[in-house]
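Note on naming: letters A, B, ... go to the chains in the order of the sequence lines (proteins, then strands), and numbering restarts at 1 for each one.
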Number of protein chains: 2
Amino acid sequence: MNSIQLLSNHQLRKTQFRERVLDIFLRYERALSQKDLEEQLHESDRITLYRTLKTFEEKGLIHKAIDGSDRLKYALCAGHCDVHAHHDHHAHFHCVTCERTFCIEDVQAPALDAPPGFEVESTHVIINGRCAECAH
Amino acid sequence: MNSIQLLSNHQLRKTQFRERVLDIFLRYERALSQKDLEEQLHESDRITLYRTLKTFEEKGLIHKAIDGSDRLKYALCAGHCDVHAHHDHHAHFHCVTCERTFCIEDVQAPALDAPPGFEVESTHVIINGRCAECAH
DNA sequence: TTTTAAGTGCAACATTGTTGCGTGTTGGTT
DNA sequence: AACCAACACGCAACAATGTTGCACTTAAAA
């Protein structure tokens with residue numbers, strides 16, 4: 001999957017900026033904050049990036065990666081999300097040392113007993129700890 | 001448990017402001033954002049509140065309630081947390097309609113297989129959905 | 001009651017989130 | 001190939017939130 005395919009699959013216009021952003025996601029394969037992206041995109045407009053991420057999220061290319069850090073992060077969707085719904089049910093591993101966040105596809109959300117009357121829509125699992133590089 | 005006991009149990013000076021903040025937590029029994037608190041505390045200093053919450057969190061009176069919303073929230077700890085460590089392993093239910101967040105003590109974090117070399121420190125479970133009041 | 005370590009409140013600044021608007025670009029249509 | 005309308009971009013501006021420094025006040029220990 002390349003950035004141009006991703007854009008056309010999601011009814012988005014192909015622009016140089018969007019391709020650059022998607023290429024970074026494809027290259028790093030982990031959740032990235034806006035700041036992470038700005039560091040990779042030499043010369044980029046903060047607002048354009050903000051709106052680009054928002055659009056990508058709405059169209060189902062990327063999803064918010066809740067990791068418990070203060071900073072909002074995004075990660076590429078596995079592939080079958082679209083403008084109607086996201087289907088990412090994996091866990092996010094957040095390294096407390098290097099602050100990087102990884103998607104862990106294997107972990108499923110637990111079966112749960114919500115209180116009576118509560119309607120469950122989606123669940124997220126966040127794991128805090130130290131990644132392989134920071135652990136030793 | 002009242003606010004004065006909570007403060008002395010955690011080696012914190014008893015001040016009027018801290019008592020007011022704790023009373024709100026005791027009254028509402030759910031996770032509250034700084035803005036929620038400001039609305040209850042008529043006349044309060046934003047910075048003092050910010051530092052008060054930070055201190056409470058460090059001393060183990062309250063914990064960050066990660067709920068996937070943009071706003072950081074805090075909730076009272078169950079009781080056995082202190083300056084050394086937090087021991088809150090419950091789930092947080094975040095209502096997508098009214099934005100309120102509830103601690104769900106019954107749900108445990110799932111057993112998990114972190115990738116090789118990753119050290120797990122803590123896990124969080126977030127449930128998004130609609131609370132009893134907003135569901136019907 | 002005195003002392004001092006801690007808490008409070010104001011000012012100031014940094015960072016991030018968000019919107020409006022004029023200009024440039026894309027992709028479909030003529 | 002040229003045109004056009006919708007969309008995307010980039011700048012300005014503002015809002016909300018996070019954070020620190022400092023002077024003044026207060027809690028609690030001596």
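The side chain of B/R13 has D/dT26 as its nearest neighbour among D/dT20, D/dT26, C/dT25. The side chain of B/R46 has D/dT19 as its nearest neighbour among D/dC14, D/dA28, D/dT19. Of the candidates D/dG18, C/dT19, C/dA11, the closest approach to any side-chain atom of B/I47 belongs to C/dA11.
Between A/L53 and A/L72, the closest side-chain pair of non-hydrogen atoms is not below 4.5 Å. Side-chain contact check for A/K73 versus A/Q34: every heavy-atom pair is 4.5 Å or farther apart.
For the pair B/H10 NE2 and C/dA6 C1', the computed distance is 18 Å after rounding to whole Å. Atom-to-atom, CD of A/Q34 to C1' of C/dT18 comes out at 11 Å; the value is rounded to the nearest Å. Between the CD atom of A/E58 and the C1' atom of C/dT18 there is a distance of 13 Å, given to the nearest Å. The CD1 atom of B/I4 sits 12 Å away from the P atom of D/dA27 (whole-angstrom rounding). Atom NZ of A/K73 and atom P of C/dG17 are 13 Å apart (whole Å). D/dA8 atom C1' lies 11 Å from atom CZ of A/F56, rounded to whole Å. When rounded to the nearest whole Å, the span between OH of B/Y50 and C1' of D/dG21 equals 13 Å. Atom NZ in A/K14 sits about 13 Å away from atom P in D/dC9, given to the nearest Å.
Under the rule for a salt bridge (charged side-chain N to carboxylate O under 4.0 Å, His left out), the partners of B/R100 that lie at least two apart in sequence or sit in another chain are B/E133.
Each of B/K35 and A/T48 was matched to the nucleotide of DNA chain D holding its nearest heavy atom; the match closer to the 5' end belongs to A/T48.
Two rings, from B/F56 and B/Y74, have their centers 6.0 Å or more apart.
Checked by distance alone, A/R18 brings no side-chain donor or acceptor within 3.5 Å of a matching partner on the base of C/dT26. Judged by distance alone with a 3.5 Å cut-off, a donor-acceptor contact links the side chain of A/R51 to the base of D/dG10.
The two atoms that bring B/R130 and B/C95 nearest to each other are CA-SG, 3.8 Å, heavy atoms only.
Contact between the side-chain N/O atoms of A/K54 and the OP1/OP2 oxygens of C/dT19 is found at a separation under 4.0 Å. Proximity of B/T55 to the phosphate of C/dG7: no side-chain N or O atom is located under 4.0 Å from OP1 or OP2. Contact annotation: A/T15 does not reach the phosphate of C/dT26 (side-chain N/O to OP1 or OP2, under 4.0 Å). Phosphate contact (OP1/OP2 of D/dC9, side-chain N/O of A/T52, threshold under 4.0 Å): present.
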Legend entry - 5'-to-3' dot-bracket of DNA chain D (Watson-Crick, G-U; under 3.5 angstrom; crossing pairs as [ ]; | other strand): ||||||||||||||||||||||||||||||

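The backbone N or O of B/K54 lies less than 3.5 Å from no partner atom in the side chain of B/E57, so there is not a single donor-acceptor pair. A distance-only check finds a donor-acceptor pair linking the side chain of A/D36 to the backbone of A/S33 [under 3.5 Å].
Note on ring orientation: taking the six-membered ring where Trp is involved, the planes of A/F93 and A/F102 are tilted (angle from 30° to 60°).
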